[in-house]
Amino acid sequence: MSLRTYRAGTMKEALAQVRRDLGGSAVILGTREVRRRRLFGLGSRELIEVTASSDASASVAVPESTASPSGALQAQFGEQLSRLHAMVEDLSKHGRIDHLLPDLPSELVPTYSQLLEAELPEVLARRLVRYVADRLEPEQVHRPEMVRDALCDAVESCVPIAPPIAAVSGTRRVVALVGPTGVGKTTTVAKLAANFKLAHGFRPGLVTVDTYRIAAVEQLRTYAEIISLPLAVANAPGEMRRAIDELGDVDLVLIDTAGRSPRDEVKIRELADFLAAAQPDEVHLVLSATASERSLRAAVERFALVQADRLILTKLDEADGLGGVLSVLGQADRPVSYLTTGQAVPDDIEPANRTRLARLILGHEAVT
Ligand SMILES: Nc1nc2c(ncn2[C@@H]2O[C@H](COP(=O)(O)OP(=O)(O)OP(=O)(O)O)[C@@H](O)[C@H]2O)c(=O)[nH]1
Ligand SMILES: [Mg+2]
């Protein structure tokens, strides 16, 4: 049996190296924290060292990505749990893993590692596993389904949900979508408009303030024609009230706005002026689940200026993992109203549901 060691800044990176080098059937034989002296002796840095082998007859396989279909995952879960349990017992005997997850029942280490695989930041993964450990009785941590349920409850408690757009037939509700460029604002406006008209019998109208790109108005006009909806264009904040009134007797006004780079504060201020003129009842900040945690955080911070009160998460179908989304939801302190799961208008949209979102984040459920 040939042994290899891998070092990385985090457990997740080290596991990724193992998988890249030795494949998914590699087995982990040990982990420990090591200190590496920096160049010229300037302090030191902590690294995670993982010892692994490609010999499948050794103890425990590296966990597969949680992006695999949930059915297969469920089947693997119980088996993986007991195999990893054996590994952890072995590691614990030598005191090599305790420092990574102090005071944690060894049965929950595989859960921790699966959360990292689902792209959750380490701090958040530790917190969730700790929550689960505190919640379950010692005999319950042996039962995979109880661990899964407790984990799901933990994530659900971190996921605020908003009700769908509160349109009422006969009264005019004004709803604006804002967000970074290319996240799916226009497509989502079209999906919402089509669903409110076709499924719920409302009379929606569309307003666009996106007059910067020549194609932008045409994109929305095409949807308006297909769905048979009135469309108005506002070129400046002063034209906003006129544009809304021009739609006539509608009960839902959906305002599509130009994508703004979170770095462009001037353009975000301009957007805020448009919204101040529109006096919307709801402002939804549209965020793509494919964006990095850092970009999501930047978007939430910069768009605070336009006072978005809800979030729409788009492109869930394209995201590798939703761990970054979860940590940003904590920071954003705004509930999620809708999820979008593909390019098809009007089908690929659903009102946000707490359990569904938690299960998607944990990789317990597939998007489609
Ligand atoms: N896979 C996937 N693609 C999506 C989804 N929503 C939108 N898209 C695609 O994302 C691309 C950009 O969509 P738009 O609706 O034009 O995005 P936007 O935010 O209006 O873009 P700007 O107005 O340029 O800022 C298009 O190709 C859409 O089909 C989704 O839920 N999943
Ligand atoms: Mg657009």
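In each ligand, atom 1 is the first atom listed, and ligand 1 is the first ligand listed. Predicted, not measured: the structure shown is a model, and the values here were computed from it.
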Atom pair [atom1] ([X]) and [atom2] ([Y]), whose distance is rounded to the nearest 0.5 Å:
X      : Y      : atom1 : atom2 : value
Arg334 : Leu285 : CZ    : CG    : 7.5 Å
Lys267 : Arg302 : NZ    : CZ    : 15.0 Å
Leu108 : Tyr131 : CG    : OH    : 14.0 Å

Practice task
Check ring pair (Phe, Tyr, Trp, His ring centres under 6.0 Å) between Phe196 and all other residues, then give those that pass, not counting sequence neighbours.
Solution key: His200, Phe202
Closest non-hydrogen protein atom to [atom], residue and atom name please, with distance?
atom                    : answer
atom 23 (O) of ligand 1 : Arg213 NH2, 3.1 Å
atom 5 (C) of ligand 1  : Gly342 O, 3.5 Å
atom 17 (O) of ligand 1 : Gly184 N, 3.0 Å

Please confirm whether [X] comes within less than 3.5 Å of ligand 1 when only nitrogen or oxygen atoms on both sides are compared.
X      : value
Gln343 : yes
Thr187 : yes
Leu316 : no
Thr314 : no
Thr340 : yes
Gly182 : yes

Exercise for the section: Please report the closest heavy-atom contact between Arg260 and Leu271, naming both atoms and the distance. Expected result: CG-CD2, 4.1 Å
Practice task
Identify the heavy atoms of Thr188 and Thr340 that sit nearest to each other, and give their distance.
Solution key: OG1-CG2, 3.9 Å
Handout entry: Proximity winner for atom 1 (N) of ligand 1, if only heavy atoms of Thr257, Asp317, Thr208 are counted
Key = Asp317
Handout entry: From Lys185, Lys315, Glu318, Gln219 - option closest to atom 10 (O) of ligand 1 by heavy atom
Key = Lys315
Practice task
Mark the output for Thr341 as yes if a heavy-atom distance to ligand 1 is under 4.0 Å, and as no if none is.
Solution key: yes
[X] neighbourhood, listing ligand 1 atoms whose heavy-atom distance to it stays under 4.0 Å:
X      : answer
Asp210 : 23 (O)
Gly259 : 25 (O)
Thr181 : 25 (O)

Handout entry: Any N, O or S atom of Thr257 closer than 2.8 Å to the Mg ion (ligand 2)
Key = no
Donor-acceptor list for residues 324-333 side chains, cut-off 3.5 Å, not counting sequence neighbours:
from	atom 1	to	atom 2	distance (Å)
Ser327	OG	Glu293	OE2	2.9
Ser327	OG	Arg297	NH2	3.4
Ser327	OG	Gly324	O	3.3
Gln331	OE1	Arg297	NH1	3.2

Exercise for the section: Determine, using the 4.5 Å side-chain heavy-atom cutoff (strictly less than), whether Leu311 and Val178 are members of one ILVMFWY cluster. Expected result: yes
Exercise for the section: Verify the neighbour count for atom CD of Gln307: are there more than 12 heavy atoms of other residues, nucleotides or ligands below 6.0 Å? Expected result: no
Practice task
Look at atom CZ of Arg172 and say whether more than 12 heavy atoms of other residues, nucleotides or ligands are closer to it than 6.0 Å.
Solution key: yes
